[in-house]
Amino acid sequence: MKSMIKNRFLQLTAFCLMLTGTSCQYEEIVDFPYPESQVYLPIAVNGSISPDGIYTIDEGASTSWVSPTPGQPMKYTITKSNNLFTIPLGIYRSGTGKTIKGDVRVSLALNPDTVQTLIDNGTLDGVELLPSEYVLEMPQVVQIADGKNEGNFSVSLALDFLRLDAPKEYALAVTISDENNRVNKELNTGIICINTQITVPIATFSAQLDGSSSDTFAFTNSSLYWDFFSGEEPFSWDFGDGSAISHEINPKHQYAAVGDYEVVLTVKGVTGETVTTTNKVSVKSN
């Protein structure tokens, strides 16, 4: 640091001597106390996920959501063959000062006491503590490799338990630590709240004539909690006129004759369960 200041001063002095009569100043360079590197749970950041800092899963696994883990566009995934409801998460390394060199091994543990405290004080109103026996997979240690800023992990729960208890809400807490005390103590515990309603599909849609047409209807699908994961078609439309079934999300259909038709939408949920809803459309003569 002293060598840098000396070189800067000599350069400015030489420049001043070249410009006679010119007033010159030099800027002293001083040390700045950058924050020390620490590791933390992104879902513990107050306000980054929800206003109260609780990571809530209460909608379908839309790719439009901002994920707390890079490369994970889903809030959760489903693997029916293994009965797993999996929540992808991550641990981050922050700070620019005394950088943590080498690999960082971070320990993970469930923290039921924190959840119970939030239930008792009303923060988690109407929520129950998730029994630990339904946490089927969670690593004990996550490693952040040297030169990397994050380490990914996931927590997997019993899918059939969540489905059978719908629409209850459950919460669990994950706390991180490491032997060298390099964890941000204010961001070391993440609270995850799961509304089990997401395991039960809801079928609903509306229909209206397509523009000025008198025989073609546009159908708007507003169903919830449908299957994102199996690769199979989650929607089936029966237009009530004997035509082919459609698997589009928001189809259009032209009817060949005047009359009333019952349109049936079948929606498949994340567990493979299906539900149906029916609306009537009427085709009138011009």
Original post:
Which residues pass the salt bridge (charged side-chain N to carboxylate O under 4.0 Å, His left out) test with Asp238, sequence neighbours left out?
Top reply: none

Subject >> Distance, nearest 0.5 Å, that separates CG of Leu41 from OG1 of Thr175 >> reply: 8.0 Å

**OP:** Determine, using the 4.5 Å side-chain heavy-atom cutoff (strictly less than), whether Leu130 and Val200 are members of one ILVMFWY cluster.
**Re:** no

Original post:
Which heavy atom of Val106 sits nearest a heavy atom of Asp178, and at what distance?
Top reply: CA-CB, 4.5 Å

**OP:** Return each pair, listed once, that meets ring pair (Phe, Tyr, Trp, His ring centres under 6.0 Å) where at least one residue sits in residues 255-286; pairs must be two or more places apart or across chains.
**Re:** His253-Tyr255, Tyr255-Tyr261

**OP:** Might you point out which heavy atoms bring Asp227 and Gly269 nearest each other, and give the distance in Å?
**Re:** CB-O, 3.4 Å

Original post:
Is there a donor-acceptor pair closer than 3.5 Å between any side-chain N or O of Ser213 and the backbone N or O of Asp215?
Top reply: yes

**OP:** Over all heavy atoms of both residues, which pair between Thr189 and Ala173 is shortest? Give the atoms and the distance, please.
**Re:** CG2-CB, 4.1 Å

Original post:
What's the spacing between Lys148 NZ and Asp103 CG if we round to 0.5 Å?
Top reply: 11.5 Å

Subject >> Ring centre gap for Phe229 and Tyr76 strictly below 6.0 Å >> reply: yes

**OP:** Could you tell me whether the side chain of Val155 reaches within less than 4.5 Å of the side chain of Leu108, counting heavy atoms only?
**Re:** no

**OP:** Give the minimum heavy-atom separation between Ser223 and Leu265, together with the two atoms involved.
**Re:** OG-CD2, 3.6 Å

**OP:** Answer with yes or no whether the side chains of Asn111 and Thr114 bring together a donor and an acceptor at under 3.5 Å.
**Re:** yes

Original post:
How about Asp125: does its CG atom have over 12 heavy atoms from other parts shown lying under 6.0 Å from it?
Top reply: no

Original post:
Mind checking whether Ile57 and Ile192 have side chains closer than 4.5 Å, heavy atoms only?
Top reply: yes

**OP:** Show your working on side-chain contact (heavy atoms from CB on, under 4.5 Å) between Gln208 and Thr220 and close with a plain yes or no.
**Re:** CA-CA 9 Å; Gln208 61 181 14; Thr220 301; 5.7 Å; no

Subject >> Hydrophobic cluster of Leu84, others only, ordered by chain and residue number, side-chain cut-off 4.5 Å >> reply: Leu136

Original post:
Would you say the side-chain atoms of Thr276 and Thr266 include a donor-acceptor pair closer than 3.5 Å?
Top reply: no

**OP:** Can you label the angle between the Trp237 ring and the Phe205 ring as parallel, tilted or perpendicular, going by 30° and 60°?
**Re:** perpendicular

Cut-off 3.5 Å, no hydrogens considered: what does the side-chain donor-acceptor table look like for residues 158-168, sequence neighbours left out?
from	atom 1	to	atom 2	distance (Å)
Asp160	OD1	Asn83	ND2	3.2
Arg163	NE	Glu273	OE1	2.8
Arg163	NH2	Glu273	OE1	3.0
Arg163	NH2	Glu273	OE2	3.2
Asp165	OD2	Tyr170	OH	2.2

**OP:** Check whether any side-chain heavy atom of His247 lies under 4.5 Å from a side-chain heavy atom of Ser236, and answer yes or no.
**Re:** yes

Subject >> Spatial distance of atom CG (Asp241) from atom CD (Gln254) [nearest 0.5 Å] >> reply: 10.5 Å

**OP:** Could you tell me whether Glu133 atom CD has more than 12 heavy atoms of other residues or ligands within 6.0 Å of it?
**Re:** yes

Original post:
Judged by atom type as modelled, is there a donor-acceptor pair below 3.5 Å linking the side chain of Asn195 to the main-chain atoms of Glu169?
Top reply: no

Subject >> In one Ile/Leu/Val/Met/Phe/Trp/Tyr side-chain cluster, 4.5 Å: Val275, Val264 >> reply: no

Original post:
Going by heavy atoms in the side chains, are Asn152 and Glu150 under 4.5 Å from each other?
Top reply: yes

Original post:
For residues 246-262, which residue pairs qualify under salt bridge (charged side-chain N to carboxylate O under 4.0 Å, His left out), counting only residues two or more places apart or in two chains?
Top reply: Asp210-Lys252

Original post:
Between Val104 and Ile91, is any pair of side-chain heavy atoms under 4.5 Å apart?
Top reply: no

**OP:** Quick one: closest heavy-atom pair of Glu186 and Asn184, and the distance?
**Re:** N-OD1, 2.9 Å

Original post:
Taking side chain as C-beta onward, heavy atoms only, is Val174 less than 4.5 Å from Ile43?
Top reply: no

Original post:
Is a donor on one side and an acceptor on the other found under 3.5 Å between the side chain of Arg93 and the backbone of Gly151?
Top reply: no

**OP:** Please report the closest heavy-atom contact between Ile194 and Leu157, naming both atoms and the distance.
**Re:** CD1-CD1, 3.2 Å

Subject >> From Thr196 atom OG1 to Phe85 atom CZ, the distance as rounded to the nearest 0.5 Å >> reply: 9.5 Å

Subject >> Test item: Ile191 and Thr123 side chains (from C-beta on) under 4.5 Å apart, heavy atoms >> reply: no

**OP:** State the CD1-CH2 distance between Ile198 and Trp226, to the nearest 0.5 angstrom.
**Re:** 14.0 Å

Subject >> Contacts of Glu232 that satisfy side chain to side chain contact (heavy atoms under 4.5 Å, CB included) - sequence neighbours left out >> reply: Ser230, Lys268

Original post:
From Asn279 CG over to Ser206 OG, what is the distance, rounded to the nearest 0.5 angstrom?
Top reply: 8.0 Å

**OP:** Would you indicate whether the side-chain heavy atoms of Phe235 and Pro251 approach each other to under 4.5 Å?
**Re:** no

